[in-house]
Amino acid sequence: MDKFVIKSKRSAIESKETPSTKNRKTDCETEQNKRIIWKKINGENLSLEHCQLFSNSEASDLLLKCEEQLEYNTGHLAKVQIFGKWIDIPRKQVAHGDDGLSYKFSGNCIPALPWTPLLTEIRDKITEITGHKFNFVLINRYKDGCDHMGEHRDDEKELKDGAPIASLTLGQQRDFIFKHADSRGKNAKRKIPPVVVELTHGMLLMMKYPTNKYWYHSLPVRKKALGLRINMTFRTMVTKQPDK
DNA sequence: TCTAGTAATGGGC
DNA sequence: AGCCCATTACTAG
C-alpha cells in the first residue's frame, strides 16, 4: 500500500518535485488510461471501487488550480441550523453543475454555479474512465484535519436512482468512514463493523448503488492531518420534471 | 403528522 | 491527546 501523507498545502503542491528522476513524467500521458487499476471494496449492500485517477504531479497541479480558481459559498449558504443555533459548516463548500440544478443541505438550497473549464476537464476525464455522465459537482474544501463532515447519506430524492457518485480527492490524505444504517446509535439493531477507506491524493472513489441507501459516510476530524484537502463529488441529479 | 438530518459538546477509553 | 460515541432542538417535507 502506498501511503502518501501530505503535511501541508505547500508540500502537496510542491511534492511533484522529486529529487530523483524516476518519477519524471514523460509525454506518454495518454497511455495512462490503460494503466488504471481498479480496486473493489464490497460488503452488505456496500459497493465501492477506487483507483489512482491522477498521478501525484497531475493531482498537485489540479489542487493548485482549484486554489487559484474556486470560490466558496459564504453567508447563510455556509451555515447550518442545529439545535436552534446557526453554525458555520466546518469546511468550505460550493456547487457547480448544469443550469437550474441545486443541492439541498439541511434546509439550505445551494444553487449550482456554471461549469468552468477546469471542472469540465475533470468531469470529462472521470466520464472517460468510468463511462458515467454527471450533471453536478459538490466541492468541499477541508483546510486541515479539524475541518470535517458528519455522518450522512446523500439525499436519495435528489439523486438519479441507481447512479453512482464519483468522489475525487486532491491533497491531504484523510480517513473516510462508512457505517451501516442498522448499526448506528445506542439501540442499533445489528453490529456491522464500519468500513474505513483511506482517501489519497489523486484517488477517485466510486460509490455505487445501493451503497448510499444503506451506509452512512463521514470524514471525521484527524488532528494529525495538517494539510489541505479538496474533494469533488460528481453526481447525477434528477432533472426538473416538465410540468404536466 | 411524523421522520430524518445537521455539528458541537463532553465523557469514556 | 486523540478518537469515538451519545446527547442535544428545531426544521423541512
Applying the 4.5 Å side-chain criterion to the ILVMFWY set and letting contacts propagate, would A:Tyr209 and A:Phe134 be lumped into a single cluster?
no
Consecutive Watson-Crick or G-U pairs in runs of at least 3, all under 3.5 Å, in which DNA chain B is involved:
B:2-5 with C:10-13, B:7-13 with C:2-8
Between atom CZ in A:Arg222 and atom P in C:dA1, what is the gap in whole Å?
18 Å
Does the A:Arg123 side chain pair with the main chain of A:Leu118, one donor and one acceptor, at a distance under 3.5 Å?
no
Pairs satisfying side chain to side chain donor-acceptor pair (under 3.5 Å), at least one member in residues 80-95 of chain A, at least two apart:
A:Lys79-A:Asp88, A:Arg91-A:Asn140, A:Gln93-A:Asn140
Flag the pair A:Tyr142 / A:His148 as yes when their ring centroid distance falls below 6.0 Å, and as no otherwise.
no
Give a yes or no on whether the backbone of A:Gly171 and the side-chain of A:Arg229 come within a donor-acceptor separation of less than 3.5 Å.
no
Atom-to-atom span, CD1 of A:Ile177 to C1' of C:dC5 - whole angstrom
12 Å
Expressed as a whole number of angstroms, how long is the span from A:Lys224:NZ to C:dC3:C1'?
9 Å
Whole angstrom is fine here: how far is it from CZ in A:Phe176 over to C1' in C:dC3?
18 Å
Check for me whether A:Arg184 meets the cation-pi criterion with A:Tyr216, that is, NZ or CZ under 6.0 Å from the six-membered ring centre and within 45 degrees of the ring axis.
yes
Regarding A:Lys179, tell me which of base, sugar-phosphate or nothing describes its non-hydrogen contacts under 4.0 Å with the strands shown.
sugar-phosphate
Is the distance from the ring center of A:Trp215 to that of A:His180 below 6.0 Å?
yes
Can you give one letter per nucleotide of nucleotides 5-13 of chain B, 5' to 3': B if a protein heavy atom sits under 4.0 Å from the base, S if only from the sugar-phosphate, - if neither?
SBBS-----
Distance, nearest 0.5 Å, that separates OG1 of A:Thr169 from CG of A:Leu204:
8.5 Å
Can you check the A:Asp175 CG to C:dG2 C1' distance for me, whole Å?
13 Å
